[in-house]
Amino acid sequence: MPVIQRLAAAHPDATIALRFRTDLELLVSVMLSAQTTDVNVNKVTPALFVKYRKPEDYLVVPVEELERDIYATGFFRQKAKSIRGTMRMLIEDFDGEVPRRLEELVKLPGVARKTANVVAAELGHAQGIVVDTHVRRLSQRLGLTRNDDPVKIERDLQRVVPRADWARFPHLLIWHGRRVCDARRPLCEECVIEDLCPASRLR
Ligand code: SF4
């Protein structure tokens with residue numbers, strides 16, 4: 001797919017911006033990243049992951065303490081509740097390990113399809129395509145979908161994006177969206193896929 005090849009050449013550093021070292025840290029980081037920026041999450045997680053190393057650690061402290069520790073990521077009450085519910089299920093149903101299958105990931109409390117897709121892809125088992133605001137906008141501009149609903153967009157993308165690229169494709173669109181294809185002011189004159197884009201402002 002030429003779009004992927006060109007974007008990969010233009011954005012060789014397009015990977016997940018969240019910092020983590022283990023599967024559990026990945027899962028918690030992605031859960032914390034809801035409604036906030038990855039930069040914000042990365043400020044909180046270094047200290048968090050020193051204190052909370054395994055699922056049990058999130059359950060032994062009073063919930064108010066966990067809320068304080070993740071406060072800066074926003075929506076801290078809901079996130080603390082989801083994290084603790086998820087840790088309980090990891091211990092009870094998954095031997096304390098983060099599952100790989102999408103059907104299992106979405107059973108975890110507070111883990112929606114997007115979060116599950118991000119985690120599965122980073123674990124090397126992409127089973128879908130992450131659709132965030134950048135992926136939605138760029139897919140529409142590039143004519144890869146006519147839909148607005150993320151689930152339908154994902155289905156459209158799964159038909160045209162080779163399976164081997166399901167993990168990196170969203171990263172490429174996200175970075176291209178941040179750097180070049182801005183929501184309000186796309187820099188079409190600097191865009192490496194301009195000739196492939198039906199929404200180019202240059203025509
Ligand atoms: S040509 Fe313009 S609208 Fe199309 S992808 Fe590039 S920056 Fe975005």
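Values below: all heavy atoms of this structure, side chains included; hydrogens, waters and symmetry mates excluded. First listed ligand is number 1; within each ligand, the first listed atom is number 1. Keep in mind it's a predicted model, so treat the numbers as computed, not measured.
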Under 3.5 Å, sequence neighbours excluded: what are the donor-acceptor pairs made by side chains of residues 86-93?
from: Thr86; atom 1: OG1; to: Ser82; atom 2: O; distance (Å): 3.1
from: Thr86; atom 1: OG1; to: Pro109; atom 2: O; distance (Å): 2.8

- Query: Below 4.0 angstrom, N of the basic side chain to O of the carboxylate: do Glu56 and Lys54 qualify?
  - Reply: no
Give every donor-acceptor pair under 3.5 Å between a side-chain atom in residues 63-71 and any protein atom, sequence neighbours left out.
from: Glu65; atom 1: OE2; to: Lys51; atom 2: NZ; distance (Å): 2.7
from: Asp69; atom 1: OD2; to: Lys51; atom 2: NZ; distance (Å): 2.8
from: Asp69; atom 1: OD2; to: Tyr52; atom 2: OH; distance (Å): 2.6

- Joining Ile, Leu, Val, Met, Phe, Trp and Tyr whenever any side-chain heavy atoms lie under 4.5 Å apart, the cluster holding Leu187 also takes in Val180
- Assess the side chains of His171 and Arg168: does a donor N or O sit below 3.5 Å from an acceptor N or O? no
- What are the two closest non-hydrogen atoms of Gly128 and Glu154, and how far apart are they? CA-OE2, 3.2 Å
- Which N, O or S atoms belonging to the protein are less than 2.8 Å from atom 8 (Fe) of ligand 1? Cys181 SG
